[in-house]
Structures are given as structure tokens and as C-alpha cells.
Amino acid sequence: MTTDTNMKSPEAAAVPPSGPAPVNKRVPRGHKRLLTRRDRITLGFMAGVPTVLHVALVWVTALASIALAFTSWDGIGFDSIKWVGLDNFQQLFSDNPQFWPAVEHNVIWFVVLILVPTPFGLFLAVQLDKKIRFSRVYQTAFFLPVVVSLAVTGFVWQLVYNPDTGLINSLIGANKPGHYIDWIGDPHLNLWAVLIAASWRHTGYMMILYLAGLKGVDPSLREASSLDGANEWQTFKNVIFPTLRPTNTVVLVVTIIEALRAFDLVFVFNKGAQGTELLSILITNNIIGESSRIGYGSAIAVVLLVISLVVIIPYLISTFRKERSA
């Protein structure tokens, strides 16, 4: 009987081939990568420093202002802090002749901003949304006052309102002796003069907000309205403007905040004197003025904080409810 010499015995087949042993490769599980110690330190530094600064400069100072509102302190040494309870608030509401005019001026500030620059900003946004020629140039020109610092804006408008060489008095012929119009010094005019400057800046802000809202409107709504025979005004009133409800809410909140925190323009104009009193000006004058009354100034700041929260909290609640329902 013959055997096939090419066939191998089981013992020979069990012998591993000569050469380097095969390496068992691990199959990676996903793309998970452990952070090194250096990565953890870097992330901790990047997240920790802003958090510490935010807590120290916002929350700690806010809570300290609330606590100091019930004390009397001249700012020199912590030993001079005295607990006075509600005396600061009682004095503020009853004995301060500038408080209620300041509240009234803040309310006027809000009413003017919501009635004048807000509709004008909406009008500009609607026109620019039509994709007219040089629309980018117009957007830049109208938004430029928002980018410029409020202090710089105040200095520019001071030149415009200058009694001798100002633009307005020169145009109306009121820059001659005996015919001067003191736009900044006259208590019956200076608040409205500042509001014109504030409205000039606020218009560009509203334009950008409404323009962003108009960009999110579904074009099919316009097409359906035109097919129904509606003109441009009817399309805007019945179709476009109702879809801008979220934008209107943001505009309302932003305008209220702008009215409450108004400070820079008035301080540059005349430091909040002679008819331009504001709550922010009263806070500054009492805390860092000649006679430092930090407790009393903090009480005014608490009042301003409460007014702000009355507006902001309902807005946040409605926003969170919409997110949950969505």
C-alpha cells in the first residue's frame, strides 16, 4: 500500500510555523479617550476662572448690596457698619426729593424707547428685508451707534447740543446772544434731549432684532398671502407681524432693561442734575459721591433690582414653559 508523501501527519500540523509569534490586537471600543492630568488641569482652569469671577463680581456683590441696604456705612472700615433695619427704605420713600422724579424719568425713558425707536427700528428692518440695493451698507450705518460706546455717543451729542457752536442751534439760528437754547442746562429740555440721543442708538438695536426675526419667517406665508390678493400692508399686519411674537417679547424685555440701566448718556451730559435724575445716577451719587452713604445707595440698588426682577422673572418663566412644551 502506498502513502501520499504530500499529506502531513497530525503531529506535524500541530507544530506552529517558524517565525515571530502573532500579536493579538485589541479592538478599540469606540473613540473614548481618557483625559490626561494636564487636560484636566486645563479644563478646570478654563471653567473655574470664569465661574469664580462671575460668582465674585455678580452674585457676591449683589448679595452684599442687599445686606448693606439694611445698614449704615460710610465705607471706611468694617467696624463702622451699623444695622438700621428699614430706615434707609423709609427715608428713601418719604424724605428723598429726588427719588420719585428719578422713578418717573425711568418710566418716561421706557415709554419713549418703546414708542419712538422701536417702531422706527421695525420699519427699517422691514425695508431692509426686501433685499434692496446696498442693504449691507444701510445695516452698518444704522447699527453703528449701537457699537459705539455710550460715553462717546454722549460726547458727540454734547457737540450737537452746544449752545454756541452746536448743530441744532446753528440750524435754527439760536446761537446768538439773547437767543440761546440751552438743551443740556434747561431742566425742561435736557431729559428730552438725552432721550433723542438714546433713541438714535436704540433704533439700530431694534432694527437688528426685528431683522433677525423677519429672516426666520417662512417665505411660503408671504406667497400664500399674495395669492389670496392681500397687499403689502395687509400681509405684514395679518401674516408677518403675528409671527414676530417671540421677537416682540425679546424687544419688550430688552427695552425695559435699557430703560432701567440708563446711566452713561445722562452722566456724560450733566451727571444727572437739573431734571435728568435717574435711579442709577442716585445709586452712584450716594455710593461714590462726596458723602459716601453706601447703605443708602444699596437700598436704591435693591429697589432697582426688585423692579428688574418683576420684569425678568415672568419672561424667564414663559420661556422655560415654551421649551418644556416644545
Side-chain angles (χ1 to χ4, degrees), residues 108-162 165-172 183 191-227 230-266 268-269:
I108 293 174
W109 198 287
F110 165 72
V111 173
V112 171
L113 290 186
I114 206 69
L115 293 181
V116 179
T118 300
F120 189 51
L122 175 59
F123 171 77
L124 293 176
V126 171
Q127 301 306 315
L128 293 175
D129 190 51
K130 297 178 181 178
K131 298 180 180 179
I132 59 178
R133 295 182 61 185
F134 307 111
S135 61
R136 296 291 184 182
V137 177
Y138 297 141
Q139 291 181 30
T140 303
F142 289 123
F143 190 69
L144 186 61
V146 184
V147 180
V148 177
S149 170
L150 280 172
V152 175
T153 302
F155 286 124
V156 171
W157 280 91
Q158 269 190 331
L159 299 176
V160 174
Y161 288 130
N162 189 282
T165 60
L167 176 63
I168 296 179
N169 281 0
S170 299
L171 291 177
I172 64 178
W183 298 97
L191 179 63
W192 305 106
V194 178
L195 283 172
I196 291 175
S199 300
W200 174 68
R201 179 183 182 274
H202 198 68
T203 299
Y205 197 3
M206 297 296 101
M207 178 199 70
I208 291 297
L209 291 178
Y210 276 118
L211 190 59
L214 290 172
K215 295 299 182 182
V217 176
D218 190 354
S220 62
L221 296 177
R222 303 175 189 266
E223 297 175 0
S225 179
S226 62
L227 291 176
N231 56 31
E232 187 175 353
W233 167 248
Q234 291 173 339
T235 301
F236 174 77
K237 182 181 67 173
N238 300 322
V239 178
I240 305 300
F241 190 75
T243 61
L244 295 177
R245 183 177 179 181
T247 306
N248 291 329
T249 304
V250 174
V251 165
L252 178 63
V253 174
V254 167
T255 304
I256 293 174
I257 294 175
E258 286 288 325
L260 292 176
R261 72 182 186 92
F263 173 80
D264 309 68
L265 282 176
V266 176
V268 171
F269 265 64

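Note that the coordinates shown come from a computational prediction; the quantities given were computed from them, not determined experimentally.
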Could you give the side-chain donor-acceptor pairs of residues 140-149 under 3.5 Å, partners two or more places apart or in another chain?
from: T140; atom 1: OG1; to: R136; atom 2: O; distance (Å): 2.9
from: S149; atom 1: OG; to: A151; atom 2: N; distance (Å): 3.3

Donor-acceptor list for residues 110-126 side chains, cut-off 3.5 Å, not counting sequence neighbours:
from: T118; atom 1: OG1; to: L113; atom 2: O; distance (Å): 2.8

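Applying the side chain to side chain donor-acceptor pair (under 3.5 Å) rule to T153 yields no partners; only residues at least two apart in sequence or on another chain are considered. Under the side chain to side chain donor-acceptor pair (under 3.5 Å) criterion, E232 pairs with K130, not counting sequence neighbours. With sequence neighbours excluded, the residues forming a side chain to side chain contact (heavy atoms under 4.5 Å, CB included) with I172 are I168, N169, A174, I181, W183, listed by chain and number. Contacts of Q139 classified as side chain to side chain donor-acceptor pair (under 3.5 Å), with partners at least two apart in sequence or in another chain: none. Residues passing the side chain to side chain contact (heavy atoms under 4.5 Å, CB included) test with V156, sequence neighbours excluded: V152. Not counting sequence neighbours, the partners of N162 by the side chain to side chain contact (heavy atoms under 4.5 Å, CB included) test are D164, T165. In this structure Y210 satisfies the side chain to side chain donor-acceptor pair (under 3.5 Å) test together with N248, sequence neighbours excluded. The salt bridge (charged side-chain N to carboxylate O under 4.0 Å, His left out) test applied to D264 returns no partner, not counting sequence neighbours.
Once rounded to the nearest 0.5 Å, the distance linking CG of L252 with CD1 of I257 reads 10.0 Å. Atom-to-atom distance recorded for T247:OG1 and M206:CE is 10.5 Å, nearest 0.5 angstrom. In this structure, CZ on R222 lies 8.5 Å from OG1 on T235, to the nearest 0.5 angstrom. Taking CG of L265 as the reference point, atom CG of L195 lies at 9.5 Å (rounded to 0.5 Å). One finds the CZ atom of R261 at 7.0 Å from the CG atom of L150 (value rounded to the nearest 0.5 Å).
D218 places no side-chain N or O within 3.5 Å of a backbone atom of L221 that could act as its donor or acceptor partner. The closest donor-acceptor contact from the side chain of Y138 to the backbone of L128 lies at 3.5 Å or more, if one exists at all.
Nearest approach of A198 to W109, heavy atoms of both residues: CB-CZ2, 3.6 Å. In terms of heavy atoms, H202 sits closest to T255 at NE2-OG1, 3.4 Å. The two residues L214 and I240 come nearest to each other via the heavy atoms CD2-CG2, 3.5 Å. For the residue pair T243 and P246, the shortest heavy atom distance occurs at O-CD, 3.7 Å.
Contact check for W157 versus V194: no side-chain heavy atoms found under the 4.5 Å cut-off.
Residue pairs meeting the salt bridge (charged side-chain N to carboxylate O under 4.0 Å, His left out) criterion with at least one partner in residues 200-210, sequence neighbours excluded, are R201-E258. For residues 239-259, the pairs satisfying ring-ring contact (aromatic ring centres under 6.0 Å, His included) are F236-F241, with sequence neighbours left out.
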